[in-house]
**Student:** 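Sharing a structure below in structure tokens format, with a few things to ask.
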Amino acid sequence: MTGKRVIFMGPPGGGKGTQAQRLEKKYQLKQLSTGDMLRAAVAAGTDLGRQAKAIIDAGKLVSDDIMVGMIAERIDETDCANGFVLDGFPRTVPQAEALDVMLADKGLKLDAVIELRVDDSILFDRIRKRAAEADAGSVRADDNEDTLRKRLDIYHGMTAPILPYYGQKGLLHVVDGTLPVDAVTRELEGILGDC
Ligand code: ATP
């Protein structure tokens with residue numbers, strides 16, 4: 001399977017990044033993670049990185065204009081010609097609408113939108129476990145219970161409303177994100193094999 005265009009949706013810390021990386025390897029689909037792109041900008045100390053750091057640390061969303069521009073640039077690059085997995089984008093209905101326009105302009109369409117579903121209570125359990133196990137140095141500034149609460153409120157209020165948008169288009173597949181990591185991957189392979 002090549003040339004698929006897939007979106008990963010799911011709550012913060014729900015495992016999107018891990019699964020998107022696995023699909024990138026298996027199907028040569030380029031993983032486009034807006035979280036990784038923003039963290040790279042922060043590490044490089046660009047203007048955007050400086051603005052983004054405060055927003056990310058506060059558990060808020062970077063503006064739609066910035067994020068749409070960032071994705072538009074990447075989708076045009078040749079390493080995305082064989083398909084891509086979007087991880088962390090779109091995060092708002094306006095971002096989803098902008099993506100539709102972007103793809104339609106290029107004559108491209110989405111193959112699948114996958115929701116990795118995980119209850120809030122399990123996400124809190126995971127973050128507590130991670131904090132207990134991790135070396136102090138490896139815990140990100142945005143990795144704490146307060147920030148998780150804020151990010152979940154934004155997820156439910158601004159990101160989850162995208163799900164019915166894709167449901168109406170017949171693109172949405174829901175996967176139980178509480179299954180073991182390998183079992184989640186098998187579910188995804190089943191979905192992508194068929195779509
Ligand atoms: P994972 O599930 O892989 O742990 P995550 O949901 O915890 O990922 P990232 O996707 O890495 O987090 O995003 C980190 C932060 O970057 C977000 O909380 C937000 O502030 C910002 N961000 C990332 N993508 C977007 C976007 N599409 N729109 C607005 N802000 C974004």
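Predicted model only: the values in this text are computed from it and were never measured. For ligands, and for the atoms within them, numbers begin at 1 and follow the listed sequence.
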**Student:** Mind checking whether D87 has an N or O less than 3.5 Å away from an N or O of ligand 1?
**Tutor:** no
**Student:** Between Q28 and N82, does any side-chain donor sit less than 3.5 Å from a side-chain acceptor?
**Tutor:** no
**Student:** Purely on distance, is any nitrogen or oxygen of P90 under 3.5 Å from one on ligand 1?
**Tutor:** no
**Student:** Is the closest N or O pair between M67 and ligand 1 shorter than 3.5 Å?
**Tutor:** no
**Student:** Can you list the ligand 1 atoms lying under 4.0 Å from a non-hydrogen atom of R39?
**Tutor:** 11 (O), 14 (C)
**Student:** I want to confirm something. Looking only at heavy atoms, which of K53, K150, M70, R91 is nearest to atom 13 (O) of ligand 1?
**Tutor:** R91
**Student:** Test of understanding: given a 4.0 Å heavy-atom threshold, classify the contact between V62 and ligand 1 as side chain, backbone, both, or neither.
**Tutor:** both
**Student:** Could you check whether T159 and R91, counting side-chain N and O atoms only, form a donor-acceptor pair closer than 3.5 Å?
**Tutor:** no
**Student:** Would I55 count as a polar contact of ligand 1, with the cut-off being nitrogen or oxygen pairs under 3.5 Å?
**Tutor:** no
**Student:** At less than 4.0 angstrom from any non-hydrogen atom of P12, what atoms of ligand 1 do you find?
**Tutor:** 6 (O), 7 (O)
**Student:** Taking only heavy atoms of G14, which atoms of ligand 1 are found under 4.0 Å from at least one of them?
**Tutor:** 2 (O)
**Student:** List ligand 1 atoms under 4.0 Å from T34, heavy atoms only on the residue side.
**Tutor:** 23 (C), 24 (N), 25 (C), 27 (N)
**Student:** Is ligand 1 under 4.0 Å from a heavy atom in the side chain of K60, in the backbone, in both, or in neither?
**Tutor:** backbone
**Student:** Taking the six-membered ring of Y27, is the NZ or CZ of K25 close enough (under 6.0 Å from the centre) and on axis enough (within 45°)?
**Tutor:** no
**Student:** Going by the atom numbers of ligand 1, which of them fall below 4.0 Å from some non-hydrogen atom of G17?
**Tutor:** 3 (O)
**Student:** With the threshold set at 4.0 Å, does a side-chain nitrogen-carboxylate oxygen contact exist between R39 and D36?
**Tutor:** yes
